[in-house]
Amino acid sequence: MSGKYVASEIEGKWQKRWADAQVAFVDTAVPGNEFYMLNMYPYPSGSRLHVGHGRNYILGDALYRRERMSGRKAFNPMGWDAFGLPAENAAIQSGVHPREYTMGNIARMKEQLFALGCLYDWSKELASCDPAYYRWNQWLFLRMWERSLAYRKTAPVNWCPGCRTVLANEQVVDGRCERSGDAVEIRDLTQWFFRVTDYADRLLEGLDHLPHWSERVKTMQRNWIGRSEGAEIFFRVDGLIEPITVFTTRPDTLYGATFLALAPEHPAVALLATRSGRGREIEEFVERVRRESRLEREAEGGEKEGLDTGALALNPATGRAMPVWLANFVLPEYGTGAIMGVPAHDQRDFEFARKYGLSIEPVYRTEVAEIDPAAMTEARPHDGYLYRSGSWDGTPNGPEAVRVAIRWLEEKGFGKGKMGYRLRDWLISRQRYWGTPIPAIHCPVCGVVPVPDADLPVRLPEDVDFRGVEGNPLERSEAFVNTRCPKCGGAARRETDTMDTFVDSSWYYFRFLNPRDAERMVDTARVKRWLPVDQYIGGIEHAILHLLYARFICRVLRDMDLVHLEEPFERLFNQGMITRLNPATGKTEKMSKSRGNTVSPDELIARFGADTVRLATLFIGPPEKESEWSEEGVAGAFRFLNRVHELCLRLQELPAGPDAPADTPLRRLTHRTIARVTQDASEFHFHTAVAALMEYQRGIGEALDSGSEAPAALREAARTLVKLLHPIAPHLTEEWWQRFGETGFLVEAVWPVADPALATSPDVTLVVQVNGKVRGRLSVARGASESEAMALARADERIAAWMDGRELTRTVFVPDRLLNLVVR
RNA sequence: GCCGGAGUGGCGGAAUUGGUAGACGCACGGGACUUAAAAUCCCGAGGGCCCAAAGGCCCGUGCCGGUUCGACUCCGGCCUCCGGCACCA
């Protein structure tokens, strides 16, 4: 081999050897010394593993290698989130079956992972589109159905016209489909849901026990669950048998409630329409509001539209009649779909009342303020204390006022305390082919019947044509749709909805422990031994999608006694995105295929090698933040690896010398570097670890040049350098491990341990300050006393000059750090 | 509006149980090598001021104030940016 660093030669050789040795890398567990790491698994739809997206694989691999070298039994599995819309959309355009498209993408991505030198436990590989995997989605669905955690209902749901399917609320961002960007419409459809709202409190409470998750993600989940404390109040309405129930966070303002407003979708609206003389008007209003897309209806500053139904409700506190209105700003899915209007203290209610001439009655005031409702220009804050509120009068604003109101409501039977949530049930139906078929059968006699366990999996049919097709192709597959009712044996039709792909990803982390198990979904004993996942690495985009669903399904499995844990992921690391200047827009944007500013790793690997790409990616900045990609950074990384290579060539030619494990400057540098790199790598701060290694490389070179270092110290430095650099640049370092005459894989070698006696130097620089300003530096022996330092300081000309003619009033001495002389 | 996070050189960033601000890299300038260039290596550099030079002084971590011998770090009040939620009752 030539003296020059030729990345391709070295990397090809080691990638082949690692691939051959894969089986040996898969460990059996040793309890108490385990490490289970999970990269957010790639989507095959992202057919190119571009550098931006690839950062978490490189990060994950580097951490995995370091953990292995630290003697932990680690495994790093890979699963493919293989179902999804992109594959099906590609099929519609090209006619290629989604399976073929998906498998091609997986193969391509695997090649790129190998090319980057990433080690995964391929024996645990799984893909969600495999019937051996998705049958357990179906099995889980059936268990949830038995427990009423899966159910079917007709409800206004989000419909994406571009994807031609319904979406979960979590997949709607600012009124648009998070995938296609189309404005989402609201349609009344009968769909399958998971009852995630039953778990709202547990999901919320659990966040308090995740100290290793970022505040950012936890806040996002808290906001999404959106719990608010309040009360339900029942209002009797003339002509209705059932009272109308309202949710409010301010039951203490009940005396100020002057109207009720219902969502046009409220179930009582139909009755009100027939009873009042305004049936036609009401129907028209309902129609008009429902035609508005969610985007229009929730738009900020949208005009408040209302219609008086003519019905009257009774305010249980004041005994007065309140008109019942319909209002476009009342949303059917939050609370009860009905509100009580308190115009005096709520800006939205105030505007509505002003527009339609409804009365305004303040119930809070401060000591001084006398309030004239007619003079108000906006709603008043809940300032001061209650008045005009019967027995509640004089109660100051605050939690106590709410408690007083709830106690009164409960005593009188007019209402009760209640929590409100923003979170809604998880809509899992999708009107698409490429997903897990929902295991249900529609029988004209028996109704909706579950598929018996023995008939699982319900497989996707193969005889499907995709090209230019409208709607769900499953509906046109006779072989799939036509079946027999498992109960009565009569002719029946199969459910053609498939599941949201987030169902697949909600439990795959359990499946890595028994990927080929045909007997059960999860292996409870192995889960007990390995879970929770020690370290999860993923992007922030899953903060309230995947990560909320996974926490939910984990709890469901726990309640089924299949797993022991409440939280699946102990540590969560959100790597930041890589941005890059987009030549088309002139702006720095996140790297993505759709924006056309990606950097292909293939090209960079061909030019510089995988080690350079890995180094540049890790060195670019702190991994939790987003960082801008630069070509110059890659060149810098390449230069450094060349310097390492050349240094290793010189170290290789060392003459054999006597062992002299002395305390030398190089040995001190070696052990200080071990301490730094070990610490940095454990915090994912590979960028500072690289900085330490750059200093180390230069330090070893200088030690060599000096000619005075003990050969033993140089030999130690050579091996330490490749060990510490290995997680970051694995190929070059494996090569040098071997050339230095070591045997076995470096990835299986022992991570070096810093000798604390050597990691600290015998001399320290003591800073001398006068009145808090640095005026000099002294080199003293570690542990020097205050009087020794004082003597040295007085002997220093410069310091003496600063003290000259002034009175020393105080000295502050921090051993090994500083001496501060306070003078007057 | 509510909640969370962040503001440090030309740039990416380093340093926080309060103790030398700017490690490491990029870009830049100078030098060595070379016929020359590239590549490589070495040196320099926060801003301002004094000095022939050696060297020295002042200012400086978004802004204002506080605590302290000493503040990027702690406290109070602001400003800006990023992210989440929001006609949510």
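These numbers come from a predicted model, not from an experiment. By convention in this document, chain letters (A, B, ...) are assigned in the order of the sequence lines, proteins followed by strands, and residues within each chain are numbered from 1. The figures that follow rest on heavy atoms only: side chains count, while hydrogens, waters and symmetry mates do not.
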Under 3.5 Å, side chain of A/T336 to main-chain N/O of A/T245, donor-acceptor pair present?
-> yes
Mind calculating the distance between NE2 (A/H542) and P (B/rG84) to the nearest angstrom?
-> 15 Å
How long is the line joining OH of A/Y421 and P of B/rA86, in whole Å?
-> 18 Å
Which part of the nucleic acid does A/K773 contact within heavy-atom distance under 4.0 Å: base, sugar-phosphate only, or nothing?
-> sugar-phosphate
Under the salt bridge (charged side-chain N to carboxylate O under 4.0 Å, His left out) rule, what do A/E646 and A/R643 come out as? Steps first, then yes or no, please.
-> CA-CA 5 Å; A/E646 273 156 34; A/R643 286 199 295 271; over 6 Å; no
Take the protein atom CG of A/L204 and the nucleotide atom P of B/rC3, then report the distance between them rounded to whole Å.
-> 16 Å
Pairing residues for A/F414 by the ring-ring contact (aromatic ring centres under 6.0 Å, His included) criterion, not counting sequence neighbours = A/W408
Report yes if a side-chain nitrogen or oxygen of A/R775 is closer than 4.0 Å to either non-bridging phosphate oxygen (OP1 or OP2) of B/rC57; otherwise report no.
-> yes
Of A/S630 and A/Q221, the one whose closest RNA chain B nucleotide lies more 5' | A/S630
Taking everything shown except A/R650 itself, do over 12 heavy atoms lie less than 6.0 Å from its CZ?
-> yes
Across all strands shown, which nucleotide pairs with B/rU40 by Watson-Crick or G-U wobble geometry, both distances under 3.5 Å?
-> B/rA32
P spacing across the pair B/rC88 / B/rG83, given as an integer number of angstrom = 22 Å
Look at the side chain of A/L331 and decide which nucleotide, out of B/rG83, B/rC57, B/rC87, has an atom nearest to it.
-> B/rC87
Which whole-number value in Å describes the distance from A/R227 CZ to B/rA86 P?
-> 18 Å
Which atoms form the tightest heavy-atom contact between A/P343 and A/G256, and what is the distance?
-> CD-O, 3.9 Å
When you compare the protein's N or O atoms with those of nucleotides 12-21 of chain B, which come within less than 3.5 Å of each other, and at what distance?
| residue | atom | partner | partner atom | Å |
| --- | --- | --- | --- | --- |
| B/rG12 | O2' | A/I620 | O | 2.8 |
| B/rA14 | OP1 | A/H687 | NE2 | 2.8 |
| B/rG19 | O2' | A/R817 | NE | 3.4 |
| B/rG19 | N2 | A/Q769 | OE1 | 3.2 |
| B/rU20 | O2 | A/R777 | NE | 2.7 |
| B/rU20 | O2 | A/R777 | NH2 | 3.1 |

Within this structure, what is the CD-to-P distance between A/E265 and B/rC88, rounded to whole angstrom?
-> 16 Å
Residues from residues 335-354 of chain A sitting under 4.0 Å of RNA chain B, heavy atoms only?
-> A/I339, A/R348
Can you check the A/I225 CD1 to B/rC3 P distance for me, whole Å?
-> 18 Å
Where at least one partner belongs to residues 678-694 of chain A, residue pairs that pass salt bridge (Lys or Arg N to Asp or Glu O under 4.0 Å), sequence neighbours excluded = none
Go through the steps for A/E170 and A/W224 under the test side-chain hydrogen bond (donor to acceptor under 3.5 Å, both in side chains), then give the verdict.
-> CA-CA 9 Å; A/E170 288 78 7; A/W224 190 258; 2.9 Å; yes
Determine the contact category for A/G226: base if any of its heavy atoms lies under 4.0 Å from a base atom, sugar-phosphate if only primed atoms, P, OP1 or OP2 are that close, otherwise nothing.
-> nothing
With rounding to whole Å, what would you report as the distance between B/rC43 and B/rC24 at their P atoms?
-> 11 Å
Determine which nucleotide pairs with B/rU80, using a 3.5 Å limit on both distances of a Watson-Crick or G-U wobble pair.
-> B/rA6
Gap in Å between the two C1' atoms, one belonging to B/rC11 and one to B/rG84, rounded = 30 Å
Considering only atom C1', compute the distance from B/rU67 to B/rC75 and round it to an integer number of Å.
-> 7 Å
Rounded distance (Å) that lies between atom P of B/rA39 and atom CD of A/E646 = 15 Å
Spacing of A/M220 atom CE relative to B/rA86 atom P, expressed in whole Å | 11 Å
Do the side chain of A/R668 and the main chain of A/T760 share a donor and acceptor less than 3.5 angstrom apart?
-> yes
Assigned glycosidic conformation for B/rG9 [threshold 90° from 0] | syn
Verdict with supporting geometry, A/V330 and A/H266, side-chain contact (heavy atoms from CB on, under 4.5 Å) | CA-CA 10 Å; A/V330 182; A/H266 194 280; over 6 Å; no
N/O (side chain, A/W629) to phosphate O (OP1/OP2, B/rC26) under 4.0 Å = no
Any donor-acceptor pair under 3.5 Å from A/H345 side chain to A/Y364 backbone | yes
Considering only heavy side-chain atoms of A/A691, the closest of B/rC24, B/rC69, B/rA27 is B/rC24
Of all heavy-atom pairs linking A/Q679 and A/S682, the shortest is O-OG, 2.7 Å
A/R817, CZ atom: more than 12 neighbouring heavy atoms under 6.0 Å | no
Would you indicate which nucleotide in B/rG25, B/rC57, B/rC85 comes nearest to any side-chain atom of A/I544?
-> B/rC85
What interatomic distance, in whole Å, is found between P of B/rC28 and the corresponding atom of B/rG62?
-> 28 Å
Between B/rA52 and B/rG47, how far is it from one C1' atom to the other, in whole Å?
-> 24 Å
Measure all distances between protein nitrogen or oxygen atoms and nitrogen or oxygen atoms of nucleotides 41-43 of chain B, and list the pairs falling under 3.5 Å.
| residue | atom | partner | partner atom | Å |
| --- | --- | --- | --- | --- |
| B/rC41 | OP1 | A/R643 | NH1 | 3.3 |

Under 4.0 Å between any heavy atoms, over every strand shown, what does A/R422 touch: base, sugar-phosphate, or nothing? Just pick one.
-> base
Between B/rA71 and B/rA15 - C1' atom distance, rounded Å = 14 Å
Partner of B/rU20 by Watson-Crick or G-U wobble geometry, both contacts under 3.5 Å, or none?
-> none
Atom P, compared across B/rU16 and B/rA6: separation rounded to whole Å = 15 Å
When you look at A/N158 and A/L427, which way does the side-chain contact (heavy atoms from CB on, under 4.5 Å) test go after all the steps?
-> CA-CA 9 Å; A/N158 306 299; A/L427 199 175; 5.7 Å; no
Of all residues at least two apart in sequence or in a different chain, which pass the ring-ring contact (aromatic ring centres under 6.0 Å, His included) check with A/W325?
-> A/F352, A/Y356
